[in-house]
Amino acid sequence: AQTVTQSQPEMSVQEAETVTLSCTYDTSESNYYLFWYKQPPSRQMILVIRQEAYKQQNATENRFSVNFQKAAKSFSLKISDSQLGDTAMYFCAFMPLTNNDMRFGAGTRLTVKP
Amino acid sequence: SQTIHQWPATLVQPVGSPLSLECTVEGTSNPNLYWYRQAAGRGLQLLFYSVGIGQISSEVPQNLSASRPQDRQFILSSKKLLLSDSGFYLCAWSDRLSRYGYTFGSGTRLTVV
């Protein structure tokens, strides 16, 4: 069974600074997708970034980027120039291509301070 | 473009009452559909998923059931609610290969009193 671990239940960062959220996963699959989702206070789940495991290049979406280390089974999210609107729960998720069954980590609550 | 609608947004129900939460998707065909539950301050627990009309897979045994009477409609039900059914319920859809992850509805906050 695949498991996703987010070891940081809570984090905080000053506005305009950079923060990195950690995620590790355990799987025997070789082909899979990894995702980061954001859940603001409204509780709407929003896809932040997506990584295909067969691509070595790290995904980037504006201020959001990932550090994907396949051998280490690590998938961290870096948020640059943090904004107040980045305050949210962030969930790391893993999905093998064999069954489209997405598994989520427990989440990291990020607070951006003014 | 594809959209997902979930209702109601908030629901307060007494213990022992029935439940029906509805989710519909527009702008796509043959979607995979999912129901998740999120307890307060916790992660997401997959409850049910469906790859087609009438095809429902359950992840955990519980007081809830799901149905898919139409291609783009997914319903979460209970005959008798328990206090432990309280939580935030999210519906989601994906394409067949889920290449772009799941798209979530806005959720239903259920409080059983």
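Note that the structure is predicted; figures quoted are calculated from it, not measured. Order of the sequence lines sets the chain letters (A, B, ...), proteins ahead of strands, with each chain counted from 1. The figures that follow rest on heavy atoms only: side chains count, while hydrogens, waters and symmetry mates do not.
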Exercise for the section: Tell me, with the steps shown, if B:L44 and A:M102 meet side chain to side chain contact (heavy atoms under 4.5 Å, CB included). Expected result: CA-CA 10 Å; B:L44 282 78; A:M102 188 178 295; over 6 Å; no
Fill in the blank from the handout: Listed by number, the residues in residues 104-113 of chain B that come under 4.5 Å of chain A (heavy atom to heavy atom) are B:F104, B:G105, B:S106, B:R109
Exercise for the section: Would you mind checking which part of A:R50 comes under 4.5 Å of any heavy atom in chain B, side chain (CB onward), backbone (N, CA, C, O), both or neither? Expected result: side chain
Problem - Joint hydrophobic cluster, A:Y90 plus A:I49, side-chain heavy atoms closer than 4.5 Å - result: yes
Exercise for the section: State whether the number of non-hydrogen atoms from other residues, nucleotides or ligands found under 6.0 Å of B:Q55 atom CD is greater than 12. Expected result: yes
Practice task
Report yes or no: do A:I79 and A:M89 belong to one cluster of Ile/Leu/Val/Met/Phe/Trp/Tyr joined by side chain heavy-atom distances under 4.5 Å?
Solution key: no
Problem - Residues B:Y102, A:M95; criterion side chain to side chain contact (heavy atoms under 4.5 Å, CB included); working and verdict - result: CA-CA 10 Å; B:Y102 298 174; A:M95 189 186 72; 4.2 Å; yes
Practice task
Answer yes or no: are there more than 12 heavy-atom neighbours, outside A:K70 itself, under 6.0 Å from its atom NZ?
Solution key: yes
Practice task
State yes or no: do B:I56 and B:W93 share one hydrophobic cluster built from I, L, V, M, F, W and Y residues joined by side-chain heavy-atom distances below 4.5 Å, directly or via other members?
Solution key: yes
Would you give me the side-chain donor-acceptor pairs under 3.5 Å for residues 103-114 of chain A, sequence neighbours excluded?
residue	atom	partner	partner atom	Å
A:R103	NE	A:D101	OD2	3.2
A:R103	NH2	A:D101	OD2	2.6
A:R103	NH2	B:E59	OE1	2.9
A:T108	OG1	A:Q6	NE2	3.4
A:T108	OG1	A:Q8	O	2.6

Problem - Same apolar cluster: B:L82 and B:L19, side chain cutoff 4.5 Å - result: no
Exercise for the section: Treating Ile, Leu, Val, Met, Phe, Trp and Tyr as nodes and any side-chain heavy-atom pair under 4.5 angstrom as an edge, say whether A:F94 and A:V66 lie in one connected cluster. Expected result: yes
Completion exercise
Taking a cut-off of under 4.5 angstrom between non-hydrogen atoms, the residues of residues 26-38 of chain B near chain A are B:N32, B:Y34, B:Y36, B:Q38
Problem - Members of residues 29-42 of chain A whose heavy atoms come closer than 4.5 Å to chain B - result: A:Y33, A:F35, A:Y37, A:Q39
